[in-house]
Amino acid sequence: MIVMIQKPRGTRDFFPDELEARRDSEETMRRAVSRWGYREVATPEFENLELFTLRSGEGIIEEMYAFQDKGGRDIALRPELTAPVLRMYVNEAKVLNKPVRWFYFGDCFRYERPQKGRYRQFWQFGIELIGADTSSADAEVIAVGYDLLRSAGVRFELRVGHLAMMKSLIVDLEVDIQKKVRGCLDKRDYGALHEVLPDTGRADQLTALIESKNLDDAFAITGAIPEEERIRETFAILDAHEVPYIQNFGIARGLDYYTGCVFEAFAENLGAENQIMGGGGYRLAHLFGGEDTPSCGFAIGFDRVMVSRGEESPRRPVTVAVVATPEGRIDSIRVASAFRKAGVRTITDLLGKSLSAQLSQAAKHADYVAVIGKREVEEGMITLRDLSTGEQKQLTIEDAVAGVVGIGVS
RNA sequence: GCUAGGGUAGGGUAGCUGGUCAUCCUAUAGGACUGUGGAUCCUUUGACCCGGGUUCGAGUCCCGGCCCUGGCCCCA
């Protein structure tokens, strides 16, 4: 027996029902960011490997689809889209009027162990706001993220923080200790924190900072820091945007290039992989040969959005099945064309089935049936049956089309 | 990379204390009902993930692999 070829690990096929639901969500999200003036860009599916190692270090090669092409170039399927978009900006868009508001939607590839909400090919939807280094910019990006997730129908919790708060308490420590401390705080693992940080007083200070519920409490712990005004403004503008969020100065994000505000969103009904959005302010452009340009952005895990939304049967567009007896076959082509010209999804029998068999098929796929048989041909009419009510009428083609379109619109 | 559970027709399942043509639902294809039909009836198609081992005999037990679903790690 021949072994059937299977799809590669961590990839998925999408049937029409699921794909239509995904397209619905995509369009909803595109419309949401458009309302904020963000415009879509697209970059290659693969890039020079160096683009990603410059950003994230050599270690990530292990988690990428990296290979040499036939010309011996080191290539990687893109594992994320922030670096490609910033590369695009540096290559071709430095002279654009600032700020630049871009969004992207595309598939990415990571060689990781698949689990719920984590695949080897997955889709990210994100925005990058380039060239605006203000509290208004930070707040706008967060507000767009909130708007986007909410319009997509996700239930989630938004957490907002700023790296300067934690940094001010650990800046004098050795770099690798800092990294461990940030890891502990990100996970709120205070037990591990005390192991990493023998200085109990400082560990308690950090714990209090993470647990603080308002800015006054937080600044009471850190004391005056240069970023205080920026942080207070950002939170105030967020309030003005009416974005509900939870203050969390423990958010560390994985990477060092984040510079200021950081935020994450967690979906309520996902499993271990429940982070649905992550982002913050960063500086990347200079790594790719551009000027040091402050940017802020986020990425949303689109597949997790779909999981979080759960089962929603997408509404099928109104569908007409044209069925015909042999005498009506030729006329039925003209009838089908008339419906299609009016924008109605119309299907016809291709297999030469009997009338009753055609009607059985129609009942599975359509909302209306247009019958064209000997009688209809002779009278120049068609019989239109509404499958939801069982009612049917003898109509001219024009009236039948108008009836379906009219009902379809309402 | 670590770990738990699991893979039986296209989908969903029974069998799993080794032993008749592997169960049922659905789906598919064909037919009956020959212009109001989504029904019903008859028939058809179609599966034990792959490889090895134990055994007279393996869907069933053992080992390895592949894949799936969770949980760690990681998460750009």
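Proteins come first, then strands; the chains are lettered A, B, ... in the order of their sequence lines, and each starts at number 1.
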### Message
What I want to find out is whether A:Asp399 reaches A:Lys393 closely enough, with some N-O distance under 4.0 Å, to be called a salt bridge.
### Response
no
### Query
Parallel, tilted or perpendicular for A:Phe103 and A:Phe125, by the 30°/60° rule?
parallel
Please give the nucleotide sitting opposite [N] as a Watson-Crick or G-U wobble pair, both distances under 3.5 Å, or none.
{"N": "B:U28", "value": "none"}
{"N": "B:A4", "value": "B:U69"}
{"N": "B:C74", "value": "none"}

### Task
With sequence neighbours left out, write down each residue that passes side-chain hydrogen bond (donor to acceptor under 3.5 Å, both in side chains) with A:Glu327, or none if nothing qualifies.
A:Thr325
To the nearest Å, give me how far apart [atom1] ([X]) and [atom2] ([N]) are.
{"X": "A:Arg113", "N": "B:G70", "atom1": "CZ", "atom2": "P", "answer": "10 Å"}
{"X": "A:Asp189", "N": "B:C73", "atom1": "CG", "atom2": "C1'", "answer": "14 Å"}
{"X": "A:Tyr111", "N": "B:C75", "atom1": "OH", "atom2": "C1'", "answer": "17 Å"}
{"X": "A:Leu287", "N": "B:A76", "atom1": "CG", "atom2": "P", "answer": "16 Å"}
{"X": "A:Arg120", "N": "B:C67", "atom1": "CZ", "atom2": "P", "answer": "7 Å"}

### Task
Just compare B:A76, B:G71, B:C67 and give me whichever is closest to any side-chain atom of A:Glu63.
B:A76
### Query
So, is A:Gln115 close to the B:U69 phosphate, meaning a side-chain N or O under 4.0 Å from OP1 or OP2?
no
#### Entry: salt bridge (Lys or Arg N to Asp or Glu O under 4.0 Å): pairs with one or both residues in residues 66-83 of chain A, sequence neighbours excluded
A:Glu45-A:Arg78, A:Arg55-A:Glu80, A:Asp69-A:Arg73, A:Arg78-A:Asp107
### Summary
Letter by letter from the 5' end, nucleotides 35-42 of chain B scores (B base, S sugar-phosphate only, - none; protein heavy atoms under 4.0 Å) BBBB----
### Query
Passes salt bridge (Lys or Arg N to Asp or Glu O under 4.0 Å), A:Glu228 versus A:Arg232? Steps please.
CA-CA 6 Å; A:Glu228 176 167 352; A:Arg232 285 188 182 278; 2.9 Å; yes
### Query
Between A:Lys116 and A:Lys7, who's closer to the 5' end of RNA chain B by nearest nucleotide?
A:Lys7
### Task
Starting from the 5' end of RNA chain B, give me the residue, A:Lys187 or A:Gly117, whose nearest nucleotide shows up first.
A:Gly117
### Candidates A:Glu40, A:Glu140, A:Glu128 - the one meeting salt bridge (charged side-chain N to carboxylate O under 4.0 Å, His left out) with A:Arg101
A:Glu140
